[in-house]
**Student:** 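Below you'll find the structure I mean.
In what follows, chains carry the letters A, B, and so on, assigned in the order in which the sequence lines appear, proteins first and then strands, with residues in each chain numbered from 1. What you are looking at is a predicted structure, and each value in this text was computed from that prediction instead of being measured.
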Number of protein chains: 2
Amino acid sequence: MQKTVPDNRRALILDEAAKLFSARGYDSTSMRDIAAAVGMLPGSIYYHFPSKDEILATIYGIGVDQIITAVETAITTVDDPWDRLEAAAVAHLDTLLNRDGYAAAVIADWPGDSEIRPRLVTERDRYETIFRKLVAALPGLRKAEQRLFRLTLLGALNWTLTWYRPGRQTPAQIARGIIAMLRKT
Amino acid sequence: MQKTVPDNRRALILDEAAKLFSARGYDSTSMRDIAAAVGMLPGSIYYHFPSKDEILATIYGIGVDQIITAVETAITTVDDPWDRLEAAAVAHLDTLLNRDGYAAAVIADWPGDSEIRPRLVTERDRYETIFRKLVAALPGLRKAEQRLFRLTLLGALNWTLTWYRPGRQTPAQIARGIIAMLRKT
DNA sequence: GTCTATATTAGGATAGAC
DNA sequence: GTCTATCCTAATATAGAC
C-alpha cells in the first residue's frame, strides 16, 4: 500500500488515532489519548506530525483513498448499471463499517472550527464523484432526480454508522437491502 | 408556545445554545461562546443551569418534543398508511431544517463522553417509536424488512442536515422526493 | 526518535460582592 | 439575577536533554 520500508510509528499513530476519532469523535480525542494508545508520551507525537489537525487531514486522505479503491475495484467487472451501483454500495459499506479502517473517521468526524475544513471538503467530494457517475448511468432517472437519489442513497448508507452493530446483518446484506428498496422494476 | 410569563433569560440561553450546538457541535461550543451570544458573562449562566451537560439535555428534550408534536399533528388527519408516512416525513424535515429549532441539535450532536448519554438515547428512542408504528402500518412489508426500511428512511432524512442549504428545494419537497423513491406502487 | 519538563491557552465551574 | 474575580483542570504544543 505504501513504501517498502514504511515509517511504522507514524502508521501506528494514524491507526490508533483513526480508531479513537471514529469511536469518540475528533474533539473528544486528545493528543494524550492518542499517545497513550500508541504507547508514547504526548510530546513524542509531534516528531511525526506537526499538529492534531494534520493527523486528521492525513486520516481523511487515506480514508477516502480506501473507499475509492474498494468501490472502483468492486465495479470493474460489473456491467449492468444497477448491479454496478449495488456492488459500489456493498464495497462502500464494507469499508465504512470495518472498525480498523479510516473510512469511518471520514464520515463521522467534522472538526469544530479548524482551518483544514476546505481540505476535508475537497477529499469528500472526490468520493462523491464516483457515485455521481454511477447514478447518472441508471436508466429512467431524470437529471433533476439524480441528485436527490444520490444523496438519499449515501445518507442511508452513511447513517448505518449510527446504528450498525456486528452480529446481526453483515454490511453487505445491509447494502443490498438498501439498494433493493431504491430499485425500481 | 410556553407559559405566559416565561423565564426569558433561561429561554434565551437555550435558543442561543441550540443554534451554536447545531452549527458547530457541542464540544466545539464553550460556555463562553454561549454567554457571549446571550450577552452575559460566563459565570451568570450557572444561575440558570448547573452545567453545560444540563443545557444540552434540556435542548434534547425540547427538540424531541418539537419533532414529535410536529409529526403527530401532521398525521392526525391522514388515513392512508403511505400518505401518513409522507406527512410524517415532511413534518420531520420541516422541523429538522428550521434553523431556529432545537431538533437539529438532537440529530447532529452527540457529546464525546458525558454521563447524560443514556438520557439522550432515551429521548431519541421516543421519536423513533413513532416511525416504527408508521412503518409497521405499511402494506407489503415483511416484519424483517420494516427495521431496515425505517433506518433507511431516517438516514436519508437526517442526512439532509449535512447538505441542505435554503434556496433550492424546500424541506417539504425533499421529504416528498425521498418518500417517492422508497414507495412501491 | 523518545523523554522530561513546561509554556501557554482555553475550558468548566465556583464564591462572593452588588 | 448578574458581575467580578478566580480556581482548577485539561488541552495543544514546544524546548532541550538523552
**Student:** Taking the side chain as every heavy atom from C-beta outward, state whether A:Leu141 and A:Val135 have any pair of such atoms under 4.5 Å apart.
**Tutor:**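 Side chain of A:Leu141 against side chain of A:Val135, heavy atoms only: contact under 4.5 Å found.
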**Student:** For B:Thr29, answer base if it contacts any base atom (sugar-phosphate contacts may also be present), sugar-phosphate if it contacts only those atoms, and nothing otherwise; contact means non-hydrogen atoms under 4.0 Å.
**Tutor:**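 Sugar-phosphate, no base atom in range.
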**Student:** Where the side chain of B:Leu41 is concerned, which of C:dG12, D:dT4, D:dT2 is the nearest nucleotide?
**Tutor:**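 The answer is D:dT4, which lies nearest to the side chain.
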**Student:** What's the CD1-P distance between B:Ile45 and D:dT2, to the nearest Å?
**Tutor:**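 In whole Å, D:dT2 P and B:Ile45 CD1 are 10 Å from each other.
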**Student:** Does A:Gln169 have any side-chain hydrogen bond (donor to acceptor under 3.5 Å, both in side chains) partners at least two apart in sequence or in another chain, and if so, which?
**Tutor:**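 Scan of A:Gln169 (side-chain hydrogen bond (donor to acceptor under 3.5 Å, both in side chains), adjacent residues dropped) gives none.
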**Student:** Output the rounded distance in Å from CD (B:Glu115) to P (C:dG12).
**Tutor:**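 From B:Glu115 CD to C:dG12 P: 15 Å.
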**Student:** Among residues at least two apart in sequence or on other chains, which ones pass side-chain hydrogen bond (donor to acceptor under 3.5 Å, both in side chains) with A:Asp33?
**Tutor:**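 Per chain and number, A:Asp33 pairs via side-chain hydrogen bond (donor to acceptor under 3.5 Å, both in side chains) with A:Arg24, A:Ser30.
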**Student:** Considering only residues two or more places apart or on different chains, which pairs with a residue in residues 10-19 of chain A satisfy side-chain hydrogen bond (donor to acceptor under 3.5 Å, both in side chains)?
**Tutor:**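 Passing the test, one end in residues 10-19 of chain A: A:Asp15-A:Tyr102.
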**Student:** Just the rounded figure in Å: distance from P of C:dT2 to CZ of A:Arg9.
**Tutor:**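 Taking atom P of C:dT2 as the reference, CZ of A:Arg9 is at 5 Å.
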**Student:** Give me the residues of residues 13-27 of chain A where at least one heavy atom lies under 4.0 Å from an atom of DNA chain D, by number, or none.
**Tutor:**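 Heavy-atom contacts with DNA chain D come from no residue of residues 13-27 of chain A; none.
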**Student:** If I take atom CZ in residue B:Phe49 and atom P in nucleotide C:dG12, what distance separates them, rounded to the nearest angstrom?
**Tutor:**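 Taking atom P of C:dG12 as the reference, CZ of B:Phe49 is at 15 Å.
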**Student:** Name all residues meeting the side chain to side chain contact (heavy atoms under 4.5 Å, CB included) criterion together with A:Thr170; count only those two or more places apart in sequence or in a different chain, and write none if there are none.
**Tutor:**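 If we apply the side chain to side chain contact (heavy atoms under 4.5 Å, CB included) test to A:Thr170, skipping adjacent residues, the hits are A:Ala172, A:Gln173.
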**Student:** Apply side-chain hydrogen bond (donor to acceptor under 3.5 Å, both in side chains) to B:Glu145 and list each qualifying residue two or more places apart in sequence or on a separate chain.
**Tutor:**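 Scan of B:Glu145 (side-chain hydrogen bond (donor to acceptor under 3.5 Å, both in side chains), adjacent residues dropped) gives B:Arg142.
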**Student:** I need the CG-C1' distance between B:Asp33 and C:dA10, as an integer number of Å.
**Tutor:**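 The distance from CG of B:Asp33 to C1' of C:dA10 comes to 11 Å, rounded to the nearest Å.
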**Student:** Based on the rotation axes of five pairs at each end, what angle does the helix from C:dG1-D:dC18 to C:dC18-D:dG1 bend through, to 10°?
**Tutor:**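 Angle reported: 0°, given to the nearest ten degrees.
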**Student:** Please list, one pair per line, the donor and acceptor atoms closer than 3.5 Å that link side chains of residues 85-95 of chain A to other protein atoms, with sequence neighbours excluded.
**Tutor:**
from    : atom 1 : to       : atom 2 : distance (Å)
A:His92 : NE2    : A:Asn158 : OD1    : 2.9
A:Thr95 : OG1    : A:Ala91  : O      : 2.8

**Student:** Would you list the atom pairs, donor with acceptor, under 3.5 Å between side chains in residues 55-63 of chain A and any protein atom, with sequence neighbours excluded?
**Tutor:**
from    : atom 1 : to       : atom 2 : distance (Å)
A:Thr58 : OG1    : A:Glu54  : O      : 2.7
A:Tyr60 : OH     : A:Val106 : O      : 2.9
A:Tyr60 : OH     : A:Asp109 : O      : 2.9

**Student:** Generate the contact string for nucleotides 13-18 of chain C. Rules: B means base contact, S means sugar-phosphate contact only, - means no protein heavy atom under 4.0 Å.
**Tutor:** BB----
**Student:** Just jot down the side-chain hydrogen bond (donor to acceptor under 3.5 Å, both in side chains) partners of B:Gln66, sequence neighbours excluded, or say none.
**Tutor:**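 Expected list: none.
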**Student:** For residues 16-38 of chain A, which residue pairs pass the ring pair (Phe, Tyr, Trp, His ring centres under 6.0 Å) check, not counting sequence neighbours?
**Tutor:**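 Applying ring pair (Phe, Tyr, Trp, His ring centres under 6.0 Å) to every pair that reaches into residues 16-38 of chain A, excluding sequence neighbours, yields A:Phe21-A:Tyr26.
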**Student:** Can you tell me how far the CZ atom of B:Arg147 sits from the CZ atom of A:Arg168, to the nearest 0.5 Å?
**Tutor:**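 Answer rounded to 0.5 Å: 4.0 Å.
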**Student:** Counting heavy atoms from C-beta on, name the nucleotide in C:dT2, C:dG12, D:dG1 closest to the side chain of B:Tyr47.
**Tutor:**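 Among the listed nucleotides, the one closest to the side chain of B:Tyr47 is D:dG1.
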